[in-house]
A.B. asks: 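Starting off with a structure, shown below.
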There are 2 protein chains.
Amino acid sequence: MSGNAREDILAAAKLVAQAHGYAGLNFRDLAAQVGIKAASIYYYFPSKAELAKAVARRYWEDDAACLESLLQNSAKPIDALRRYPETFRWALENDNRICLCSFMSAQFDDIPDEVKTEVQAFADVNVAWLKKTLIAAKIVTPKEAEKRARAIYSGIVGAQLVARSRADISLYDSLIESYRAAGLFPG
Amino acid sequence: MSGNAREDILAAAKLVAQAHGYAGLNFRDLAAQVGIKAASIYYYFPSKAELAKAVARRYWEDDAACLESLLQNSAKPIDALRRYPETFRWALENDNRICLCSFMSAQFDDIPDEVKTEVQAFADVNVAWLKKTLIAAKIVTPKEAEKRARAIYSGIVGAQLVARSRADISLYDSLIESYRAAGLFPG
DNA sequence: ACCTGAACACCGTTCAAGT
DNA sequence: ACCTGAACACCGTTCAAGT
């Protein structure tokens, strides 16, 4: 599509991984989407493991940039925190997909070690951003920030997965609202 | 193992599904575990979809019985609620597995409709139990109970998935504790 | 540099045949 | 009743070979 086969492969693989996970990443279908043959993908990526690693790395890099942008474009840190759930909502809006890293977390026993590292990096990026933003917003003390950040992250992950199991994005919104009402989420 | 091949198949399939999901359920390996050949499984289950359906149904049935037992054996409803996270902890203790229904929720696009129904039933069982127990413990008003029950369920699901991604059961415990501190979980 | 044919190993499923 | 070998059509993965 873009005229850059490598980028096209990465983009297509991201969408497939969000819908079918690591096991669902197949070179025949992927190649067909890009307009080449399955074997040609090996010119760009030496193995499925390397492709998945590249996809997962690009995924958290893009997410990190997106979160920084969200923070910069918010008047106050608390505003960025309020909008944080939107970053996980987009996948559901996009044909009921979920976070690539949530899917691969489920498939933990079946993904190569080099992919695990990138999957964990995504969680690290989110927790680090939440932590610093919670502190900046003075929602919690610096001492409590790490734990609260992890709790918010895992709450979001669960809400997204549960919403997918019903193909119901309003359930996601409702769960986020309940997290707020219960005091887990700020806002 | 039990001398009952059908039960042995169900038991083995449950463990495989908790570690590798629906896609990971393959008749050759499954049969080898039970000591029969792949083709023999078809004597008990007419298709992979029917096997997965039976496994998922048995899973929520067992869970329902377990939750009722937990409630009956608790002095007060609040005690049952405090111990609720244990029911999801067992899977992690068992070689870092997760809830079969969480895994299949991720694989939503790839499971047959009859399996989806059973996967959703598991969530329904949990939410219904949490709702009635929250009300009995007077943690929330009957009006708020449903939403809080769903939030607790999705919080647990997320915590289990995040802990799996690190193969770290202490992270699960820490997340549950954070949920309590934030006010999401009672106790 | 970029691509592919063809082979390989594997999987779900079927069925005729075995005890 | 319970089980199996063998086969089928298919799929993901790989690599030697093409241009």
Side-chain angles (χ1 to χ4, degrees), chain A residues 1-56 100 103-104 106-115, chain B residues 1-56 100 103-104 106-116 118:
Chain A
M1 300 295 177
S2 76
N4 180 331
R6 192 174 189 279
E7 287 301 314
D8 289 350
I9 294 165
L10 283 174
K14 172 190 160 185
L15 291 174
V16 171
Q18 284 184 289
H20 308 283
Y22 182 80
L25 270 180
N26 84 77
F27 281 33
R28 263 191 188 112
D29 290 350
L30 216 49
Q33 282 186 54
V34 178
I36 55 177
K37 297 295 174 184
S40 303
I41 296 179
Y42 285 84
Y43 176 72
Y44 301 98
F45 303 97
S47 67
K48 179 171 173 172
E50 285 298 319
L51 169 61
K53 178 185 170 180
V55 170
L100 181 155
F103 212 134
M104 292 192 180
Q107 295 172 317
F108 187 80
D109 284 357
D110 300 309
I111 59 175
D113 286 343
E114 64 226 89
V115 180
Chain B
M1 299 301 175
S2 75
N4 181 331
R6 190 174 191 280
E7 287 301 314
D8 289 350
I9 294 165
L10 283 174
K14 173 190 159 185
L15 291 174
V16 171
Q18 284 184 290
H20 307 283
Y22 182 80
L25 272 179
N26 85 75
F27 280 33
R28 280 188 175 85
D29 290 349
L30 214 49
Q33 282 187 54
V34 177
I36 57 178
K37 298 296 173 183
S40 303
I41 296 179
Y42 284 85
Y43 176 73
Y44 301 98
F45 303 97
S47 67
K48 179 170 173 172
E50 285 298 319
L51 169 61
K53 177 186 170 178
V55 170
L100 181 156
F103 211 134
M104 292 192 180
Q107 296 173 315
F108 187 79
D109 284 357
D110 300 309
I111 60 175
D113 285 343
E114 62 225 89
V115 180
K116 282 178 189 165
E118 304 302 330

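Note that the structure is a prediction, hence the values are computed from the model and not measured. So you know, we letter chains A, B, ... as the sequences are listed, proteins then strands, and number each from 1.
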A.B. asks: Could you list by number each residue of residues 18-28 of chain B showing a heavy-atom separation from DNA chain C of less than 4.0 Å, or answer none if no residue does?
C.D. replies: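 Those residues are B:Leu25, B:Asn26, B:Phe27, B:Arg28.
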A.B. asks: Are B:Leu10 and B:Phe45 close enough, and set up right, to give a side chain to side chain contact (heavy atoms under 4.5 Å, CB included), and what steps lead you there?
C.D. replies: CA-CA 10 Å; B:Leu10 283 174; B:Phe45 303 97; 3.8 Å; yes
A.B. asks: Salt bridge (Lys or Arg N to Asp or Glu O under 4.0 Å) with B:Lys116: which residues, sequence neighbours excluded?
C.D. replies: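 Result, salt bridge (Lys or Arg N to Asp or Glu O under 4.0 Å) vs B:Lys116: B:Asp113.
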A.B. asks: Could you grab the distance from atom CZ of A:Arg6 to atom CG of A:Asp8, nearest 0.5 Å is fine?
C.D. replies: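 Those atoms lie 11.5 Å apart.
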A.B. asks: Taking heavy atoms of chain B and a 4.0 Å limit, find me the 5'-most and 3'-most nucleotide of DNA chain D within that range.
C.D. replies: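 Terminal contacting nucleotides, 5' to 3': D:dA1 to D:dA7.
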A.B. asks: Return the set of residues passing salt bridge (Lys or Arg N to Asp or Glu O under 4.0 Å) with B:Glu7 (not counting sequence neighbours), or none when no residue passes.
C.D. replies: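 So B:Glu7 forms a salt bridge (Lys or Arg N to Asp or Glu O under 4.0 Å) with B:Arg58.
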A.B. asks: Suppose the criterion is side-chain hydrogen bond (donor to acceptor under 3.5 Å, both in side chains): which pairs have a residue in residues 36-47 of chain B, not counting sequence neighbours?
C.D. replies: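 As it turns out, there is no side-chain hydrogen bond (donor to acceptor under 3.5 Å, both in side chains) pair with a partner in residues 36-47 of chain B once direct neighbours are skipped.
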A.B. asks: Tell me which residues in residues 37-52 of chain B lie within less than 4.0 Å of DNA chain D, going by non-hydrogen atoms.
C.D. replies: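 When residues 37-52 of chain B is checked for heavy atoms under 4.0 Å from DNA chain D, the hits, listed by number, are B:Lys37, B:Ala39, B:Ser40, B:Tyr43, B:Tyr44.
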A.B. asks: Please step through side chain to side chain contact (heavy atoms under 4.5 Å, CB included) for the pair A:Gln33 and A:Leu15, ending with a clear verdict.
C.D. replies: CA-CA 11 Å; A:Gln33 282 186 54; A:Leu15 291 174; 5.9 Å; no
A.B. asks: Work out which heavy atom in A:Met104 is nearest to a heavy atom in A:Ala17; give both atom names and the distance.
C.D. replies: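 So the minimum-distance heavy-atom pair works out to CE-CB, 4.1 Å.
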A.B. asks: Over all heavy atoms of both residues, which pair between B:Ala31 and B:Ala38 is shortest? Give the atoms and the distance, please.
C.D. replies: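 Closest pair (atom of B:Ala31, atom of B:Ala38, distance): CB-N, 3.3 Å.
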A.B. asks: Listed by chain and number, what are the side chain to side chain contact (heavy atoms under 4.5 Å, CB included) partners of B:Ala11, not counting sequence neighbours?
C.D. replies: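 In terms of side chain to side chain contact (heavy atoms under 4.5 Å, CB included), with neighbours along the sequence ignored, B:Ala11 is linked to no residue.
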A.B. asks: In dot-bracket, 5' to 3', how would DNA chain D read with Watson-Crick or G-U wobble pairs under 3.5 Å, [ ] for crossing ones and | for pairs to another strand?
C.D. replies: ||.|||||...|||||.||
A.B. asks: Roughly how far, to the nearest 0.5 Å, is CG of A:Leu30 from CG of A:Leu51?
C.D. replies: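 Interatomic distance, A:Leu51 CG to A:Leu30 CG, rounded to 0.5 Å: 6.5 Å.
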A.B. asks: Only pairs at least two apart or in different chains count here, so list each side-chain hydrogen bond (donor to acceptor under 3.5 Å, both in side chains) that has a residue in residues 13-32 of chain B.
C.D. replies: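 The answer is A:Asp110-B:His20, B:Gln18-B:Tyr59, B:Asn26-B:Asp29.
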A.B. asks: Tell me the closest heavy-atom pair linking A:Val55 and A:Leu100, and the distance in Å.
C.D. replies: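 Between these two residues, the closest heavy atoms are CG1-CD1, 3.5 Å.
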